[in-house]
K.L.:
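Structure incoming, see below.
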Amino acid sequence: MTHAYLSGLNPEQREAVTLPRQSALILAGAGSGKTRVLTLRIAYLIQTGQVSPHGILAVTFTNKAAREMLTRLSAALPINTRGMWVGTFHGLCNRLLRAHHREAGLPALFQILDSQDQLAAVKRVMKALNIDEEKYPPRQVQHFISGNKEQGLRASDIEAYDPHTRRMAEIFAAYDEQCQKEGVADFAELLLRCYELLSRDEGLRRHYQQRFRYILVDEFQDTNRLQYLWLKLLAGDEGAVFAVGDDDQSIYAFRGARVGNMADFERDFQVEKIVRLERNYRSQGNILEAANALIRHNAERLGKNLWTDEGEGEPIRLFEAPTDRAEADFIVEEVEALQRDGMALSDMALLYRSNAQSRVLEHALFSAGLPYRVYGGLRFFERQEIKHALAYLRVMANPNDDGAFLRVVNFPTRGIGARSLEQLQEVAAEGGVSLWQAARHTPLGGKAGAGLRGFVQMIDLLRDTCSHLSLAEQVEQVLAASGLVEHYQKDKQEAERVENLNELVNAAAVFDGEYEPEETADGSPPLPILAAFLAHASLEAGEHQAEGGQDALQLMTVHSAKGLEFRAVFITGLEEGLFPHENAMMDDGGLEEERRLMYVAITRARQRLYLSFAQSRMLHGQMRYGLASRFLREIPSGLIKQVGGGYDYGEAMEWTGPAPAASNGTGFAVGQGVMHAKFGIGVIVNCEGRGADARVQVNFRDSGVKWLALEYAKLTPL
DNA sequence: ACTACGAGACTTTTT
DNA sequence: GTCTCGTAGT
């Protein structure tokens, strides 16, 4: 049998796509056609009649990736994708939990907490338990809770040997209890709840194991422990898992990703053969060679080498700037030159390690009048005004949702102060009921009482009028009745918020048109569109920035550049302490993860790659003097061409900073390069005292930042 | 209930 | 430098 769509594949890709039914690990290097292999694998399985769409489960990490897979799939084959489960881990778990909410112990209309909501919920629990936020920072507690859930652990599973951890576990337990009472689930809960449900319910487990005979996983290197356990459970003994990933692109260990899952997978799933996709269709030779050389400095690797037959292409350009501003100015010049040569701005990307670095770049771009687009920041459904509107909808859908209740009961203000709310919370706690129930049954006096009654009435009325309206109309009703729009209209500065609220109505209208209720197996009523919309809002926070359209330069962190490609890429701020980031060096494996991050950055470029760093930079309102990143030295110098200034790259570490100002009478000054017998070379970043008392702070290339007394430390000026 | 001021942080991020 | 958060003052 011939399959036209297989003809364009290289031998390894073809091997992966046509593997027999067995679990397989596909090591897919950057730009090796990973998504193509994944979608064609599905197409192949279906077209050869090995499985119907009904038997396929494909998991991704982002909604974008899931959408892309579906789009490409329908383009490759005229197959019906209905019946196939394609989505994110969280989306799929949500779907499963909705279908079996009773067995899972959740209300039909359970709400999903995003990280913001979760943090608020944690604070609430801590307040109820009277816990000092100084001793237990809510963010840390939140991290503790999510982190443990992502390991598959409940509060009762935690072995606490110290009082601090024990207390955290207590908060964890109370938090889960609160969520259960309120009928809400955080992100990690979706997965854990689903995992527990399938573990406990053999019938259900068998059912899904038999259904999903083929499971495909994208970005496998980013899975956490719980996701791995979930996959293993769902696959059972019979399931075939097709895992695609790249250990060299694992950059999310800090949020629980476990590269070790790849090795475990090989063992646990009896993987017979690892298919390596090493042929790269994106970048030219020099760029790939740089990436290969860099990543070879990592010890923990499965091993892989990218290649191309495209030719070596242009040299990599390196620019050393005296300051961060000069770095930005240089980039502006180069961007303009590329633009003159006919490259679209949207084909160029400026990458940086941390968001704070975008400021200087933006400033320079703005002055030059170059249109740009910054990725990151608040997304649509995370905006305050949208969260407020959604909270009204949430109270309507699930009156037990205390979090949503508290968010809007006095917003816009209805004269219900903190004191009345505390009272209400007491009443609710005593009666073991939700705030909503307490508000409805306990008459409070005065202004607050009236406000509260008004709120309850409004919600009741809204629920009533909305029962027969379309989703978009429901949202309109809420916006009008709540007074949200009015509130924001009062302030001219808040005009954008009003626009966003109108945009929410549009989003609801779109959802109206697309929503197809899930057929329920047991004849129970389908999920109302409102609940589905709220779940959608939590699970898919929307675009980072709405405006597209205009041709604009792309600015983003290296993390958010993963999966993208550009004709020209600028990797900026290549300084020790910034990239690799100093905080990353603390935890073990940190440097290797930073290096993988650099690897990801390099492999985004198709034709032209710029690397730049600044000798000095404003950081935290202070001037910082940095050394060139070690990553620069890990790229063979033969691939690199110095641009914009005569400076010998081979001597990268030995540049002499600003002329030493002898102000402290020692001959050493901030910015000065120095050599120490034990610590090696570094740069002075701070000085204090004079003469015999003088101390200097030195940022050493290999040993970090240290304070040294000049009288004792033998420092040689460079 | 709203504003103003000071303290402290400040790496990366999707769901 | 700049943003967020919490508290104190009007």
Side-chain angles (χ1 to χ4, degrees), chain A residues 59-66 87-94 112-119 123 133-134 137-139 143 146 149-150 185-192 194 218-219 222-224 226-227 250-257 324 351-360 363 375-379 381-382 384 410-421 447-448 451 490-491 535-542 544 556-563 573 577-587 590 593-594 596-598 600-601 617-624:
Chain A
V59 207
T60 61
F61 272 86
T62 65
N63 294 296
K64 197 174 148 207
T88 63
F89 279 100
H90 295 86
L92 295 170
C93 286
N94 175 51
I112 300 167
L113 303 186
D114 68 12
S115 323
Q116 268 181 59
D117 302 330
Q118 188 189 22
L119 183 62
K123 284 184 182 164
E133 294 200 354
E134 301 270 84
R139 282 198 178 278
H143 187 252
S146 293
K149 284 188 184 182
E150 280 163 5
D186 60 54
F187 286 138
E189 183 71 26
L190 292 176
L191 275 152
L192 184 53
C194 189
D218 191 16
E219 305 278 19
D222 288 338
T223 49
N224 62 37
L226 179 56
Q227 286 159 339
S250 158
I251 55 173
Y252 286 113
F254 73 92
R255 68 174 199 215
D324 48 353
L351 307 184
Y352 34 81
R353 173 70 240 266
S354 65
N355 285 305
Q357 290 168 252
S358 76
R359 294 188 53 77
V360 195
H363 182 83
Y375 287 77
L378 269 198
R379 323 231 314 279
F381 286 108
E382 290 167 355
Q384 181 203 159
N410 196 36
F411 191 93
T413 49
R414 281 175 257 275
I416 307 164
R419 216 159 17 90
S420 330
L421 283 179
K447 202 172 154 196
K490 269 193 251 163
D491 195 336
H536 164 83
S538 299
L539 289 175
E540 184 162 0
H544 262 305
M556 64 193 85
T557 63
V558 180
H559 279 95
S560 27
K562 182 156 166 241
L578 238 202
F579 198 2
H581 200 281
E582 54 195 348
N583 295 358
M585 315 290 242
M586 314 280 240
D587 30 57
E593 177 143 321
E594 293 292 299
R596 290 193 292 268
L597 201 48
M598 181 66 182
V600 167
R617 144 178 337 264
M618 274 306 245
L619 211 63
H620 310 318
Q622 263 192 327
M623 193 59 85
R624 289 266 307 241

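None of these values were measured; they are calculated from a predicted model.
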K.L.:
For a quick test of reading the model: is some side-chain N or O of A/S560 closer than 4.0 Å to OP1 or OP2 of B/dT12?
P.N.:
no

K.L.:
Quick one: A/H143 NE2 to B/dT15 C1', roughly how many Å, whole number?
P.N.:
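Going from A/H143 (NE2) to B/dT15 (C1'), I get 14 Å.
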
K.L.:
Starting the side chain at C-beta, find the nucleotide from B/dT12, B/dT15, B/dT13 nearest to A/S354.
P.N.:
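Output: B/dT12.
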
K.L.:
Between A/S358 and A/Y352, is any pair of side-chain heavy atoms under 4.5 Å apart?
P.N.:
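Yes, side chains in contact.
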
K.L.:
Are A/F89 and the base of B/dT15 stacked, counting only ring centres nearer than 5.5 Å and planes tilted under 30°?
P.N.:
no

K.L.:
Using the ring-ring contact (aromatic ring centres under 6.0 Å, His included) criterion, which residues pair with A/F579? Sequence neighbours excluded.
P.N.:
A/F631

K.L.:
Would you say B/dC2 has OP1 or OP2 under 4.0 Å from some side-chain N or O of A/T413?
P.N.:
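The answer is yes; a side-chain N or O of A/T413 sits under 4.0 Å from OP1 or OP2.
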
K.L.:
Taking all atoms of both residues into account, what is the closest heavy-atom pair of A/L191 and A/F89, and its distance?
P.N.:
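Smallest interatomic distance, heavy atoms only, reads CD2-CB, 4.0 Å.
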
K.L.:
Hydrogens and angles aside, do A/Q357 and A/S354 bring a side-chain donor and acceptor to less than 3.5 Å of each other?
P.N.:
yes

K.L.:
Just to confirm, is there a sub-4.0 Å distance from OP1 or OP2 of B/dT14 to any side-chain nitrogen or oxygen of A/N63?
P.N.:
no

K.L.:
Any N/O pairs under 3.5 Å between the protein and nucleotides 1-4 of chain C? List them or say none.
P.N.:
{"residue": "C/dG1", "atom": "O6", "partner": "A/H620", "partner atom": "O", "Å": "3.4"}
{"residue": "C/dT2", "atom": "OP1", "partner": "A/R359", "partner atom": "NH2", "Å": "2.6"}

K.L.:
Return the set of residues passing salt bridge (Lys or Arg N to Asp or Glu O under 4.0 Å) with A/E593 (not counting sequence neighbours), or none when no residue passes.
P.N.:
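In terms of salt bridge (Lys or Arg N to Asp or Glu O under 4.0 Å), with neighbours along the sequence ignored, A/E593 is linked to A/R596.
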
K.L.:
According to a strict under-4.0 Å criterion, is A/R379 in side-chain N/O contact with OP1 or OP2 of B/dT15?
P.N.:
yes

K.L.:
Is any side-chain N or O of A/S115 under 3.5 Å from a base N or O of B/dT15, one able to act as donor and the other as acceptor?
P.N.:
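Check passes, donor-acceptor contact within cut-off.
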
K.L.:
Between B/dT15, B/dT11, B/dT13, spot the one nearest the side chain of A/E594, thanks.
P.N.:
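Nearest to the side chain of A/E594 among the choices is B/dT11.
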
K.L.:
With rounding to whole Å, what would you report as the distance between B/dT12 and C/dC5 at their P atoms?
P.N.:
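Approximately 16 Å lies between the P atom of B/dT12 and that of C/dC5.
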
K.L.:
Would you call A/D222 and A/K562 a salt bridge, taking side-chain N to carboxylate O under 4.0 Å as the test?
P.N.:
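Result for this pair is yes, salt bridge flagged.
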
